[in-house]
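Being a predicted model, the structure only gives us computed values, none of them experimental. Residue numbers start from 1 in every chain, and the chains themselves are labelled A, B, ... in the order their sequence lines are given, proteins ahead of strands.
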2 protein chains.
Amino acid sequence: MARAATTSDVFNAIAEPRRRQIIDLLGSNGDQAVNDLVGALRLPQPAVSKHLHVLRRVRLVSASRRGRHRVYRLNPKELKTVHDWVKHYERFWTHQISRIKERAEQRARESHTQPPEPPRSKSQTQEQP
Amino acid sequence: MARAATTSDVFNAIAEPRRRQIIDLLGSNGDQAVNDLVGALRLPQPAVSKHLHVLRRVRLVSASRRGRHRVYRLNPKELKTVHDWVKHYERFWTHQISRIKERAEQRARESHTQPPEPPRSKSQTQEQP
DNA sequence: AGATTGTATTCCCATAAGAGAATATGTCAA
DNA sequence: TTGACATATTCTCTTATGGGAATACAATCT
């Protein structure tokens with residue numbers, strides 16, 4: 001199997017930095033026509049249209065005609081999926097107290113799931129990628 | 001140019017559902033050896049090793065030898081990048097009050113950036129992808 | 001040393017990507 | 001109509017993916 005389509009998922013759609021940039025622009029400046037985004041992103045128009053196409057497939061944006069322009073609007077609710085997933089890990093970097101607590105729980109989990117193995121001569125080694 | 005490498009970025013790394021699953025497993029069950037993950041994911045071992053390789057490249061996990069096992073540990077701090085980005089949009093779905101406020105601000109932004117265009121015969125049309 | 005277990009790496013394949021260039025479609029204006 | 005403008009679609013190309021299968025490497029046991 002190849003990599004999942006960018007349109008298969010919000011996670012895949014926002015993996016592309018340009019698309020996050022588009023989201024940010026629509027979020028901070030409000031609705032925009034394609035050419036406004038082209039100007040801001042300094043990217044050829046077809047590229048922008050293609051990115052918008054992906055974002056529309058996953059419903060992160062919606063489009064409406066306005067004269068000859070096509071105005072895009074952010075639909076931020078679709079980002080909730082991402083937020084919901086990643087917020088579980090928020091506690092790991094927020095407050096010192098939570099972090100200390102986390103480490104204790106971590107150790108507890110380890111001692112539950114990892115029954116002490118027989119002693120080993122060469123013990124654990126930290127590795128770099 | 002092709003799509004950015006999965007190892008180029010935390011965003012790209014977590015686009016793959018299996019890798020998010022691995023992160024979740026390491027997060028909830030604590031450190032795990034590869035075979036533990038293989039059992040939980042019901043995926044061939046090489047596949048798991050490859051996903052772990054990607055996660056290690058972006059520092060989402062670290063590995064250490066323990067006898068013949070290789071134990072992987074989650075490094076959740078790397079998810080902060082994602083959280084920081086997506087939390088800007090949190091207000092859009094949390095409380096009703098914020099939402100109403102947001103809509104007002106949105107309208108304000110629009111009236112600033114979009115000078116009223118000449119009247120149009122066929123007015124705006126909502127479109128589906 | 002040889003066998004066994006745990007994990008990583010390599011090779012092949014089908015699929016899709018994003019960029020660039022060219023072109024098609026759609027809408028208003030004279 | 002013709003033409004200009006705004007946007008979308010289609011083509012080609014290079015590159016990377018993730019799965020499967022086979023194999024390589026590493027550590028321990030007998």
### Task
Give a yes/no on whether any side-chain N or O of B:Asn35 is located under 4.0 angstrom from OP1 or OP2 of C:dT5.
no
### Message
I want to check one thing: is the phosphate of C:dG18, taken as OP1 and OP2, less than 4.0 Å away from some side-chain N or O of A:Arg19?
### Response
yes
#### Entry: Separation between CG of B:Leu55 and OG1 of B:Thr7, rounded to the nearest 0.5 Å
11.0 Å
### Query
Separation of B:Leu41 atom CG from D:dG18 atom P, in whole Å?
14 Å
### Message
For B:Ala47, give me all partners under side-chain contact (heavy atoms from CB on, under 4.5 Å), at least two apart in sequence or on another chain.
### Response
B:Leu43, B:Pro44
### Message
Run B:Trp85 and B:Tyr89 through ring pair (Phe, Tyr, Trp, His ring centres under 6.0 Å) and show every step you take.
### Response
CA-CA 8 Å; B:Trp85 181 72; B:Tyr89 301 96; 5.6 Å; yes
### Message
Counting only side-chain heavy atoms from C-beta out, which of C:dA29, D:dT7, D:dC29 sits nearest to B:Arg68?
### Response
D:dC29
### Summary
The reported gap from CZ in B:Phe92 to CG in A:Leu74 (rounded to nearest 0.5 angstrom) is 6.5 Å
### Task
In whole angstrom, give the distance that lies between atom CG of A:Asn12 and atom P of D:dT17.
13 Å
### Side chain of B:Glu16 (C-beta onward), nearest among C:dA17, C:dA14, D:dG19
D:dG19
### Task
Take atom CG of B:Asp9 and atom P of D:dA16, then tell me their distance rounded to the nearest Å.
15 Å
### Protein-nucleotide distance (B:Ile14, atom CD1; D:dG18, atom P), rounded to Å
14 Å
#### Entry: Spacing between B:Arg57 atom CZ and C:dA8 atom C1', to the nearest angstrom
14 Å
### Message
Do B:His51 and B:Arg18 pair up side chain to side chain, a donor and an acceptor below 3.5 Å, judged on atom types alone?
### Response
no
Just the table, please: protein N/O against nucleotides 9-13 of chain D N/O, every pair under 3.5 Å.
none

### Query
Between A:Arg3 and A:Pro44, which has a closest nucleotide on DNA chain C that is more 5'?
A:Arg3
#### Entry: Integer-rounded Å distance: D:dT28 P and B:Arg66 CZ
12 Å
### Message
Using whole Å, what does the distance between atom P of nucleotide C:dG20 and atom CZ of A:Arg42 come to?
### Response
14 Å
### Message
Within the structure provided, determine whether B:Val34 and B:Val71 are in side-chain contact (heavy-atom separation under 4.5 Å).
### Response
no
### Query
D:dA26 phosphate, OP1 or OP2: any side-chain N/O from B:His69 under 4.0 angstrom?
no
#### Entry: Residue mapping more 5' on DNA chain D - nearest nucleotide basis, A:Leu52 or A:Ala2
A:Leu52
#### Entry: Any side-chain heavy-atom pair of B:Asp31 and B:Tyr72 under 4.5 Å
no
### B:Tyr72 side chain near C:dG6 phosphate (N/O to OP1/OP2, under 4.0 Å)
no
